[in-house]
Protein chains: 2
Amino acid sequence: MRGNLFAVAVDLVVLTVRDDRLCVLLTQRSAPPFPGEPALPGGFVRQREDLLDAATRELVEDTGLTVGRHHLEQLGSYAAPDRDPRGRVLTVGHLALLPGLAGEESGSGTAIGTWHPVGEVGHLAFDHARILADGVERARSKLEYTTLAASFCPPEFTVSQLRRVYEAVWGTTIDPRNFQRKVTSTPDFLLPTGEKVRTGRGRPGQLFQRGKATALHPPMLRDPAPLTNGGPVRVAALRNGDGRP
Amino acid sequence: MRGNLFAVAVDLVVLTVRDDRLCVLLTQRSAPPFPGEPALPGGFVRQREDLLDAATRELVEDTGLTVGRHHLEQLGSYAAPDRDPRGRVLTVGHLALLPGLAGEESGSGTAIGTWHPVGEVGHLAFDHARILADGVERARSKLEYTTLAASFCPPEFTVSQLRRVYEAVWGTTIDPRNFQRKVTSTPDFLLPTGEKVRTGRGRPGQLFQRGKATALHPPMLRDPAPLTNGGPVRVAALRNGDGRP
DNA sequence: GCAAAAGTGTTTGATATACACCCATGA
DNA sequence: TCATGGGTGTATATCAAACACTTTTGC
């Protein structure tokens, strides 16, 4: 067979929302290359393993998740000739979305890594900064036209929790009243459980489960460029209007 | 270095619009495996070549294109353990969009392949049917929220040509009058050249060049599922209204 | 009662659709 | 002058943004 041989790895951009901020799971490299530097979790693909299986295995090993209702999808492949000093390594980036862990595990990390707000991540080993950026952008744009935001929520959640996911991922604020109507009127997005939850202060919110819908028609439009520049390209969609403190 | 070694290939989903139909470039395999079967064009990645460089090289070799204003992007990677009987081969699918070639080359193919309407493609070698399906779906959805449709057009084109691209790719009809307003009112999508072109019958249309815009805000919504089922999920956007023959 | 969060109703403005209508050309 | 395609104007329906207002809880 013609062609040169590559080692093939999977790397994971594991995102969650903690304290109303979008966070990524990072590990510290122990062995060369780049010892001591932060990196995305990942590893090599095994003998008879498909890519998604390898990514699932790494996710379980690195987070201690058993099975969970997490989302996992392929992002893309990265294979620049010099990206790994050990030789030719192609890595297939994957995006995983986890609900914000409450309680015991919420300290600061998992079996193998620690959580970092995506805006505060500096240099990463290999080309992992690029993979992270691609993963974050994928997550941001998918919130617009899919129901993927629910993957950041526990099995039962309120409309407010879902809204805070959007606000954390996009870095915007959203009018709670219009958001409420929008998501509850999308068919099969949210299934009411009939239960309510007391969040401390204020009227208890209704609990929902995720419905079967995967697409949002019409999409939930974010301002075209709220995170990169402040250009008034277009009137913001779903912006908070009355500036509550 | 741990990990098993893979051969890495790139495969190309090369799409164009010919005779108002979305067509894909297919080759006939000569050597094993799957000799004689139709397949996507592609080949192995070379020693110090990045993925997009390899895909560009294959595109040039297979279509005879010199440089062109074609679009080329990565689709995703496919690495099922048994996808190639020769051994472990990971292939990185790519999507290329070409303008419909007019004149001499419009016969039926290119240096290495022939054009087939995507709806009439049967069995393909390897897992290429899956890669093709993913490429077509990517193209269809990208027309909604990007200006990518212009990649199917020559450097100068009319609004009608652009509309026929949408109609061919989506398999729908679009009201020419509303389409005209929509695309000409999107900032930086179309640059008027000032010239007009006589297409045979009817009033000559104005010629445009592609502008700098890449995103469409708001998106050009197609009916959620016009190609897979006919469910009246939602009123069609931009549907032809007066049923001209 | 007061603050805070959940949730509803309504006004208003933007936009897409449907379609009448005019323009420019070839036959 | 008729058929054909290019292109503009406009009424209507639809939907989202803005925001007043009510409900239900904790303190």
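Numbers restart at 1 for each chain; the letters A, B, ... are given by sequence-line order, proteins then strands.
- Distance, A:Q180 CD to D:dC19 P: 19 Å, rounded to whole Å.
- Atom pair B:R203:CZ and C:dC21:P shows a separation of 18 Å (rounding to whole Å applied).
- Regarding contacts with the backbone of C:dA6, a side-chain N or O of A:R163 is found under 4.0 angstrom from either OP1 or OP2.
- Taking atom CG on B:D20 and atom P on D:dG5, their separation rounds to 12 Å, with Å as the unit.
- Residue A:P204 is the one, among B:P219 and A:P204, whose nearest nucleotide of DNA chain C lies closer to the 5' end (criterion: closest heavy atom).
- Here A:D175 pairs with A:R177 in a salt bridge; the nearest charged N to carboxylate O distance falls below 4.0 Å.
- With hydrogens and angles ignored, the 3.5 Å screen pairs no side-chain donor or acceptor of B:S151 with any backbone N or O of B:H71.
- Here the side chain of B:R198 is nearest to one of C:dA6, C:dG26, D:dG9, namely C:dG26.
- The CZ-P distance, from B:F179 to D:dT8, rounds to 14 Å in whole Å.
- Atom NZ of A:K182 and atom P of D:dT14 are 17 Å apart (whole Å).
- Taking atom CG of residue A:L190 and atom P of nucleotide C:dA6, one finds them 14 Å apart after rounding to whole Å.
- Whole-Å rounding puts the A:R177 CZ to C:dG7 P distance at 14 Å.
- B:S77 and A:S77 share a donor-acceptor pair across their side chains, judged by distance under 3.5 Å alone.
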Residue pair B:H94, B:D11: steps toward the side chain to side chain donor-acceptor pair (under 3.5 Å) verdict: CA-CA 6 Å; B:H94 286 77; B:D11 283 315; over 6 Å; no
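- The separation between A:Q206 atom CD and D:dT24 atom P is 13 Å, rounded to whole Å.
- In the set D:dC19, C:dA5, C:dA24, the nucleotide with an atom closest to the side chain of A:N178 is D:dC19.
- Residues A:R138 and A:V13 form no side-chain contact, since every pair of their non-hydrogen atoms from C-beta on lies 4.5 Å or further apart.
- Contact check on B:R130 versus B:D134 returns a salt bridge, with a Lys/Arg side-chain nitrogen under 4.0 Å from an Asp/Glu carboxylate oxygen.
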Candidate pair B:F179 and B:Y166, rule ring pair (Phe, Tyr, Trp, His ring centres under 6.0 Å), full reasoning: CA-CA 10 Å; B:F179 181 84; B:Y166 276 92; 5.5 Å; yes
Would you tabulate the nitrogen or oxygen pairs shorter than 3.5 Å linking the protein to nucleotides 1-3 of chain D?
none

